[in-house]
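Structure record follows, encoded as structure tokens.
In each ligand, atom 1 is the first atom listed, and ligand 1 is the first ligand listed. Predicted model only: the values in this text are computed from it and were never measured.
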Amino acid sequence: MDFALSDEQRMLVDTVRAFVDKELMPYETEVERQDRVRPELIAQIRERAKAAGLYAANMPEELGGGGLDALGVALMERELGRTSFALQYAVARPSNILRACKGEQIERYLLPAIRGERVECLAMTEPGAGSDLRSMKTRAVREGEHFILNGTKHFISYADVADFAILFAASSEEETPKGSKKKITSFLVDKGIPGFEVRMGPRSVSHRGYHHCELVFTDCRIHERQILGEEHRGFDVANEWLGATRLTVAAQCIGRAQRALELATQWAATRKQFGQTIGRFQGVGFKLADMATEIAAAELLVLLAAWKLDQGSAMDPDFAMAKLYATEMLARVTDQTLQIYGGMGLMEELPIERLWRDARVERIWDGTSEIQRHIISRALLRPHEG
Ligand SMILES: Cc1cc2nc3c(=O)[nH]c(=O)nc-3n(C[C@H](O)[C@H](O)[C@H](O)COP(=O)(O)OP(=O)(O)OC[C@H]3O[C@@H](n4cnc5c(N)ncnc54)[C@H](O)[C@@H]3O)c2cc1C
């Protein structure tokens, strides 16, 4: 067992950290205040990320990406997690699911996404179908070589900036012993085509400047060549590629928690009450100790899951445990950081309240904490059940 980073991994961490400090952090306050990332700033970050070799770092080298393995991606995400989500998102890591592109889809979607010419959003959730995705009502009805799409998706991140959507729609139903079950197909749908409307969603407390939208499909006609993966096998494509996405959420939580702990420690070491620095009070010092311990534990879980992914032995519970523990740890760490800052922690002048607000969504998106617990508990119980 070797826990040491290789020279290459250490260089990656240094490069990303320097990029975050120089190219992203200076714009955090602007993004918070304006609740947007200016298009020129997005373009600037993309160009500088490309120059630094960080753009599409998760994609295979032979396709023009950075060729990072899962461990490399986790380390990169950890560092990017230190800054505002809206800013680091401009350093695109195209969705892994795009690797399922084939034929002309590679030229139209995958390669432009890697080159930074086109950006995707991922549309699964609906007003009536969140955790229970299979109950989705958006339908794709076959008409010869075409499909007619009807339905509404909501909470779709980055759809305001994206050029196309990776859409999941019910394309058929099958009877099973437990009743009828929807079959889902995944499609690549270009923004701007007739019958596809994008509307801004309500403002969220987490991640200012990173918006979510409602996607409305009304008799939207697309060709069958827009199917991503196989017809009726959309969840297979999602399961194959999206588990690792939970790992990126978890890795980012580590970076954010580390930043919170640094800020909390600096404050506790300098703020004086009752004639001494507050960190010297056991009630504060022990908080710091618990925070550091939890961050270290979460980091080990994340890196272990990434390592297993690289070895080809990662299972869904590995990603679920990493996401569950890291997101819940971040909530505790940011809450305690705010407590250590006292009233100052609530003021918008400092990044503390933002870290605390931003932490809230992590336990909800990409599968809630309860859904992660389902994944873990089912895997535990299955071998013992008849
Ligand atoms: C800011 C933001 C951005 C998002 N971006 C995207 C995106 O880009 N693309 C996309 O497709 N989706 C996106 N989502 C959707 C996100 O993945 C869902 O919000 C999430 O899966 C939960 O669904 P829900 O909000 O409908 O909650 P629900 O599924 O209605 O759940 C409500 C509560 O019930 C609990 N619950 C539900 N079922 C069970 C169960 N079986 N056992 C125990 N508890 C249960 C949940 O854990 C939760 O606490 C985004 C959400 C937000 C808030």
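- The side-chain hydrogen bond (donor to acceptor under 3.5 Å, both in side chains) with Gln252 is formed by just one residue from the set Arg82, Gln88, Arg78; it is Gln88.
- With a 6.0 Å radius and a threshold of 12 heavy atoms from other residues, nucleotides or ligands, Arg10 has its CZ atom above the threshold.
- With Glu328 as the partner, the salt bridge (charged side-chain N to carboxylate O under 4.0 Å, His left out) test is satisfied by one option alone out of Lys323, Arg360, Arg373: Arg373.
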Between ligand 1 and the protein, which N/O pairs fall short of 3.5 Å?
| residue | atom | partner | partner atom | Å |
| --- | --- | --- | --- | --- |
| ligand 1 | 5 (N) | Phe155 | O | 2.7 |
| ligand 1 | 5 (N) | Ser157 | OG | 2.7 |
| ligand 1 | 8 (O) | Ser157 | N | 2.9 |
| ligand 1 | 8 (O) | Ser157 | OG | 3.4 |
| ligand 1 | 9 (N) | Leu122 | O | 2.8 |
| ligand 1 | 11 (O) | Met124 | N | 2.9 |
| ligand 1 | 11 (O) | Thr125 | N | 2.9 |
| ligand 1 | 11 (O) | Thr125 | OG1 | 3.1 |
| ligand 1 | 12 (N) | Thr125 | OG1 | 2.7 |
| ligand 1 | 14 (N) | Phe155 | O | 3.4 |
| ligand 1 | 29 (O) | Ser131 | N | 2.8 |
| ligand 1 | 29 (O) | Ser131 | OG | 2.6 |
| ligand 1 | 41 (N) | His374 | NE2 | 3.3 |
| ligand 1 | 42 (N) | His374 | NE2 | 2.8 |
| ligand 1 | 47 (O) | Thr368 | OG1 | 2.6 |
| ligand 1 | 47 (O) | Glu370 | OE1 | 2.6 |
| ligand 1 | 49 (O) | Glu370 | OE1 | 3.4 |

Full working for side-chain hydrogen bond (donor to acceptor under 3.5 Å, both in side chains) between Glu173 and Ser180: CA-CA 6 Å; Glu173 275 189 38; Ser180 75; 3.1 Å; yes

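- When ring centroids are compared, His212 and Trp365 stay outside the 6.0 Å threshold.
- Residue Ile371 is not grouped with residue Tyr325 when hydrophobic side chains (ILVMFWY) are merged at heavy-atom distances under 4.5 angstrom, including chains of intermediate members.
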